[in-house]
Every structure is written in structure tokens, then in C-alpha cells.
Amino acid sequence: MTWRGRLLIAVPYVWLLVLFLVPFGIVLKISLSDIALAIPPYTPTMKDGLWAMLSGLDFENYAFIGAGAVVAGFAGLILCIAMYRIVFPRIRRAMLPDTATTVFDTAAAALTALAVAIVNVAVVVAVLAFVLPALSDFVDVPDFLYFAAYLSSLKIAAISTFLTLLIGYPVAYGMARAAQHWRPTLLMLVILPFWTSFLIRVYAWIGILSTEGYLNQLLLSLGVISAPLSILNTPVAVYIGIVYTYLPFMVLPIYAALEKMDDSLVEAAEDLGCTALSAFWLVTAPLSKPGVIAGCFLVFIPTLGEFVIPSLLGGSDTLMIGKVLWEEFFNNRDWPVASAVAVILLMILIIPIVLFQRNEQKQRELDG
Amino acid sequence: MRRFSWFNATSLTFGFAFLYLPMLILIIYSFNESRLVTVWAGFSTKWYGELFQNEQFLDAAWVTLKVAFWSSTVATVLGTLAAYIMVRAGRFRGRGLFSGMIYAPLVMPEVITGLSLLLFFIAIGLDRGVLTIVLAHTTFSMCYVSVVVTSRLVSFDRSLEEAALDLGCTPFDAFRSVTLPIIMPAVISGWLLAFTLSLDDLVIASFTSGPSSTTLPIKIFSAVRLGVTPEINALSTIMIGLVTLGVISASLVSRATAKKERA
């Protein structure tokens with residue numbers, strides 16, 4: 001390669017190294033340092049050389065957050081993989097040497113999931129019961145704010161991904177079924193909100209959901225309710241906000257999968273005696289699965305670290321990790337803890353991101 | 001033949017109503033006479049007038065446009081370069097890391113990107129201001145640009161480039177006179193995407209802005225926390241209008257180019 005080629009590669013490469021990778025190193029470093037009442041409010045632990053830094057590393061911030069969460073999460077994941085890859089096929093081979101029945105598969109998968117869930121809960125309980133009190137001799141373990149925030153972020157992200165799928169699938173299905181010349185227009189109608197400011201679209205819901213808001217006015221004047229509902233500043237408002245802002249992310253991949261589907265397959269199923277509904281379940285649904293998986297990841301991953309929606313639509317009791325990180329940083333000015341929160345959020349996110357990449361790769365191989 | 005059933009029509013109607021009604025209500029009530037945003041008191045454009053009197057908003061809007069212009073321009077150059085390298089450079093040392101660094105910011109939560117960049121700027125002693133926001137926005141939007149440009153580069157006929165090289169072009173000339181015109185639509189849409197992303201960003205800008213460089217989303221966010229105001233409704237309407245205009249004209253342009261290519 002010529003020196004010019006090298007230079008060409010070096011420009012974006014160095015940019016990303018300096019402005020993407022190096023900052024992460026700094027976050028990691030600060031997450032292992034002590035809080036100090038100064039600007040910047042942490043004691044840099046690298047200034048006295050590597051050894052001094054290593055001996056001075058401080059895992060307090062992680063214990064503070066609840067190392068239990070991480071331990072349980074990883075134990076659960078490894079168990080999950082072990083059950084699915086090693087235990088489950090063995091049981092299956094032992095019980096059914098040749099023929100496979102799908103009912104058995106489903107039952108075994110459900111049992112596996114149940115077992116993993118039980119073990120996972122047991123690990124969490126064990127960690128909470130034994131490890132944290134032991135740690136409390138060395139550091140002060142406060143309430144389980146962070147642990148609760150991670151759990152509640154996961155819960156909110158999972159539920160809202162499901163709700164988005166529930167609303168997004170029929171829309172994508174309707175778009176794919178619409179007449180050919182209508183589709184570009186419908187597609188643009190889905191893409192347009194995606195380009196419109198996220199903040200403004202969340203803001204629009206404040207006026208609708210507040211106690212004197214348009215929704216309450218409408219329902220009161222119709223006589224459906226006698227007293228205004230309080231929706232704003234509750235989890236319901238957060239779910240509405242997430243479903244609303246992330247709906248295009250769900251609709252677009254599902255539409256892409258449905259659009260290139262061969263219609264004659266559904267016709268064949270119906271000719272062979274399927275009802276419209278069973279033709280949908282047996283033909284359309286499996287073929288749209290890659291789109292559904294991609295859409296779910298595209299909603300789930302950004303929702304997990306969401307900050308704007310919970311802070312504008314949620315109440316003070318709506319715990320989401322992005323919001324906790326923000327408050328820890330801007331309100332409490334505890335930079336080490338904020339950094340540790342960020343590092344753990346990243347560790348949690350790696351799992352869905354890797355799964356998403358694998359799904360995309362598989363899809364590309366099938367297409368290509 | 002695909003059949004379009006009642007179920008399809010209903011789900012489309014409800015889906016699009018859900019997507020558009022909130023914005024429509026916002027736009028309608030921005031023309032409301034009353035300061036009480038939920039009570040309709042007649043048509044008026046006075047909030048738009050008041051918006052243009054508001055120095056703070058105008059300053060923030062100017063900062064935002066400046067940041068969006070510079071970051072999207074630099075991001076387009078770097079992102080196109082990155083895409084070109086990923087598609088054309090073949091194997092080179094550190095390619096895996098490079099592609100990882102290009103795709104990672106797409107899925108990174110904004111709070112993490114913002115926090116890490118802020119800590120980085122403090123560590124190197126760079127004062128926070130317009131420059132730091134531009135650097136931050138360039139970094140994450142160049143990844144979007146490179147994804148858009150990559151998809152175009154992958155699909156085009158490489159022999160055109162080789163023909164130009166055979167006919168005596170230098171690699172740079174071949175890029176300028178053959179490759180660039182072909183990938184131009186993707187480069188432009190990449191620039192537009194980067195521009196909108198920068199206009200829209202609240203979280204990363206909050207982390208990387210200084211006291212003298214407040215952007216519009218930061219301003220809106222702090223105003224919105226106190227509740228709905230007619231000025232913000234007016235501002236939102238202007239921004240929705242601009243985006244709608246931009247998206248529609250961009251799609252018309254791309255449809256025209258697609259037609260020209262087919263012809």
C-alpha cells in the first residue's frame with residue numbers, strides 16, 4: 001500500500017481512535033477513581049504512573065452500584081447458553097432418538113427457560129443476601145437504587161418493545177398490502193416522523209397527557225370519565241412516549257421483510273386448505289421473522305439507555321438508568337459513579353448488540 | 001394479487017393517526033391566541049412574533065445551525081472516506097477495530113457517548129464551547145454517513161472506476177470524476193442525515209456544551225421541563241415545517257435521479 005493510501009486510512013481512523021475509543025478509556029479510568037470535591041470532581045489516579053494507578057484502583061463505585069446485578073446477569077447468560085447448547089440437545093437425544101415432535105421441543109424450551117429463570121433469581125437473592133452484607137464492612141452499600149434502575153430499565157424496554165411490535169406489525173402489514181403506487185407515499189409518511197425532532201415529538205405528548213391536557217378534555221366532554229385521569233408523570237406516559245418515538249424503527253424493518261415476500265406462497269397455502277388466519281401464521285409470520293427480530297432490537301437497544309422520554313414524561317419514581325446517569329452527573333456531580341453506571345450499562349448492552357449483529361449477518365448471508 | 005382488507009385499512013388509519021395527531025395538535029395550538037395552551041381562544045400568530053423577539057432563542061438557534069453545518073460537513077467528508085476505505089481498501093492492519101469503531105456509535109446510548117466525550121475534553125483541557133459540540137457531533141454522525149455511503153458504494157459497478165484508471169486517470173482523478181458523481185446522492189443524503197441528527201441532539205450537546213454555547217434543544221428542554229408554552233409550540237411548528245419541506249424535496253430529488261438513471 002502506498003503512503004498516500006495509508007494517509008487516507010489514517011484520517012478517519014485517528015479521528016475515531018481519539019474521539020471514540022480514548023474517551024471510553026477515560027470513562028473506565030474515572031469509574032475506578034474516588035470522588036473529590038473539586039473541578040473536575042474526581043481524583044485522577046493515573047498521574048503518578050501506572051503502578052500507583054493500579055494499586056490505587058478503587059472498585060467501590062461498582063460495589064456501590066450493586067455488583068450483584070452484573071454477577072447475576074452473567075451467571076444467567078452463561079447458564080442460558082449451557083442449557084440451550086449442551087443440556088437441552090442431550091435430553092432430546094436421550095428421549096427421542098429419531099422422530100422429533102414440536103410439542104416436545106416447545107415444552108422442553110419452556111422448562112429450560114423456567115429453570116434458567118429460577119436459577120437466575122436464586123443467584124440474585126444469594127448475591128443480595130450474602131455478598132453485599134459482606135462487602136458492607138468495606139464500603140457503605142446504600143439502597144439498591146442502581147440495581148433497581150437497571151432492572152426497571154430492562155422491564156420498561158422489554159414491555160415497550162413488545163407494545164411497539166403489537167402496534168407496528170399491523171401497520172407494516174397494511175403498508176405491504178397496499179397498492180404498489182401508494183407504497184412510496186406510505187413509506188415516506190413513516191420516515192417523516194423519524195426525521196422530525198425527537199424532543200418535539202416527546203414534547204407534543206406533554207400537552208396531550210397532562211391533567212388539563214387535550215385527552216382529558218376530550219374524555220371529560222364526551223362523558224367517558226368524570227374526573228381527569230393523571231397519566232403524565234406515570235409509567236404509562238413513558239410507555240406511550242417510547243412506543244410513539246420508536247414506532248418507525250419497528251415498522252421499517254418489518255415492512256422491508258414483508259414487502260419482498262412472495263405472495264404466491266400465501267395463495268398456495270390457501271389453495272391447500274388453510275384459512276386466511278392459519279396461512280398468516282404458517283407462512284407470513286415466519287417469513288417476516290427477521291424483520292421482527294431486527295425491529296425489536298432497534299427498539300430495545302436505544303430504549304435501555306433512554307433519557308429524554310423518562311425525564312419529560314415519567315415521574316420522579318420512574319427509574320431508568322439513563323436518567324440516573326444524568327442526575328448522578330449533573331445534579332450530584334458524582335463523576336466516578338456516573339462513569340461506573342455507564343460502564344455497566346455498556347456491559348449489559350453488549351449482549352443484545354452482539355445478538356443483533358448476528359441476526360443481521362445471518363440475513364445478509366441468506367440474501368447474498 | 002395482494003388483497004387489501006378492512007383490517008389493513010383500519011390498522012393503517014390508526015397507525016398514522018397515532019403518528020401524526022400529536023404533531024397536528026401541536027401545530028394547531030401554536031396559532032392559539034391564549035397563553036393557556038389547552039384552551040382555544042381564536043387564531044393568532046403572535047407567538048411567532050414573540051419567538052422572534054426572544055434573543056435567547058435566536059442565539060441558541062444560531063449556535064445550533066452553526067454546529068449542525070460544520071459537524072455535518074466534516075462528518076460527510078470523514079464518513080465518505082471511511083466508507084470508501086471499508087469497501088475498497090481490502091485488508092489492512094486494524095480493519096476489525098476500524099469497522100467496530102464505525103458501527104459502535106450507532107448503537108451506543110447517547111448518555112454514554114456524551115459522558116465519555118466530556119470527560120475526554122476535560123482530560124485534555126479543551127474548554128467546552130461550539131468547537132467541542134462540533135467535534136462530538138461529527139464523531140457520531142460520521143458513522144451514519146458512512147453507513148449510508150457504504151450501501152451505495154457496494155452496489156455500484158467497480159469496472160467504471162477501473163476503466164478510468166486504465167485510461168490514465170490517477171486514483172484521485174478517478175475518484176473525483178467517476179466515483180464521486182455516482183455516489184453523490186448518498187453523500188447528500190448522508191449530509192442531510194448528519195445535519196438533522198445534529199439539530200436534534202439534546203443529550204450529547206448537553207454534556208459537551210459550555211455556558212456560552214447553548215443549543216436550541218438544550219434551550220427547549222429546559223423550557224419544556226416547566227410545562228407547555230405557546231412559544232415552544234410555535235418553535236416546534238417551525239422546525240416540523242422545515243423538516244417536512246426538507247424530506248419532501250429530498251425525496252423528490254432522489255426520485256428524479258432514480259428516473260434519470262433508469263432512462
Side-chain angles (χ1 to χ4, degrees), chain A residues 1 5 8-9 11-13 15-16 19-24 26-27 30 40 167 170-171 173-175 177-179 188-189 191-193 195-201 203-208 212-214 217 244 247 263 301-302 304-305 307-308 312 322 325-326 329 338-339 342 345-346 353, chain B residues 1-5 7-9 11-12 15-16 18-19 22-23 25-26 29 37-38 78 81-82 85 89 92 94 98 101-102 104-105 107 109-112 115-117 119-120 122-123 135-136 139 142 196 199-200 202-203 217 220-221 224-225 227-228 232 236 239-240 243-244 246-247 251:
Chain A
M1 192 175 288
L8 213 61
I9 292 176
V11 176
Y13 207 116
W15 182 289
L16 283 172
L19 283 158
F20 183 73
L21 213 56
V22 171
F24 271 112
I26 294 176
V27 170
I30 291 177
I167 296 174
V171 175
Y173 188 60
M175 283 169 64
R177 284 292 185 100
M188 206 172 77
L189 281 174
I191 294 172
L192 191 62
W195 288 82
T196 316
S197 169
F198 186 78
L199 190 58
I200 288 174
R201 286 190 297 142
Y203 164 73
W205 281 97
I206 298 179
I208 296 172
E212 308 88 44
Y214 310 118
Q217 282 181 12
Y244 179 68
L247 194 60
D263 292 317
I301 293 170
L304 210 54
F307 161 72
V308 179
L312 286 182
L325 196 160
W326 179 285
F329 190 85
S339 305
L345 174 58
L346 207 60
I353 288 173
Chain B
M1 187 55 210
R2 298 190 184 201
R3 284 147 308 165
F4 190 68
S5 64
F7 174 73
N8 294 142
S11 53
L12 277 186
F16 284 110
F18 177 62
L19 275 180
M23 284 195 266
I25 294 172
L26 189 75
Y29 274 85
V37 278
T38 52
L78 289 174
L81 202 56
I85 292 165
F92 59 91
F98 188 60
M101 285 194 299
I102 288 176
V107 287
E110 289 171 315
V111 276
I112 296 184
L115 177 73
S116 65
L117 280 166
L119 295 177
F120 171 71
I122 288 172
L135 287 176
T139 307
M142 72 177 271
T196 352
L199 275 191
D200 195 21
L202 163 76
V203 176
I220 295 175
F221 182 69
V224 161
R225 284 198 135 171
V228 180
I232 301 284
S236 307
M239 289 174 78
I240 292 174
V243 167
T244 312
V247 169
S251 86

By a 4.5 Å heavy-atom criterion (distance strictly below it), what part of [X] contacts chain A: side chain, backbone, both, or neither?
X        : answer
B:Thr244 : both
B:Phe16  : side chain
B:Leu135 : both
B:Leu12  : side chain
B:Ile85  : side chain
B:Leu26  : side chain

Interchain contact, [X] with chain B, by part (heavy-atom threshold 4.5 Å):
X        : answer
A:Leu312 : side chain
A:Leu247 : side chain
A:Ile206 : both
A:Gln217 : side chain

Would you mind reporting whether A:Phe198 and B:Pro217 have side-chain heavy atoms less than 4.5 Å apart?
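Contact flag for B:Pro217/A:Phe198 side chains = no.
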Side-chain touch B:Ile220/A:Tyr203, heavy atoms, less than 4.5 angstrom:
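Not touching, per the 4.5 Å side-chain cut-off.
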Non-neighbouring partners of B:Val203 that pass side-chain contact (heavy atoms from CB on, under 4.5 Å), sequence neighbours left out:
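Per chain and number, B:Val203 pairs via side-chain contact (heavy atoms from CB on, under 4.5 Å) with A:Phe307, A:Val308, A:Trp326, B:Glu110, B:Val111, B:Phe207.
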Enter the distance from B:Leu19:CG to A:Leu192:CG here, rounded to the nearest 0.5 Å.
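If we round to the nearest 0.5 Å, B:Leu19:CG and A:Leu192:CG are 9.5 Å apart.
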Applying ring-ring contact (aromatic ring centres under 6.0 Å, His included), can you list everything that pairs with A:Tyr214, at least two apart in sequence or on another chain?
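Here the qualifying residues are B:Tyr29.
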Below 30° counts as parallel, above 60° as perpendicular, anything between as tilted: where do the rings of B:Phe7 and A:Tyr173 land?
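Tilted, since the angle between the ring planes falls between 30° and 60°.
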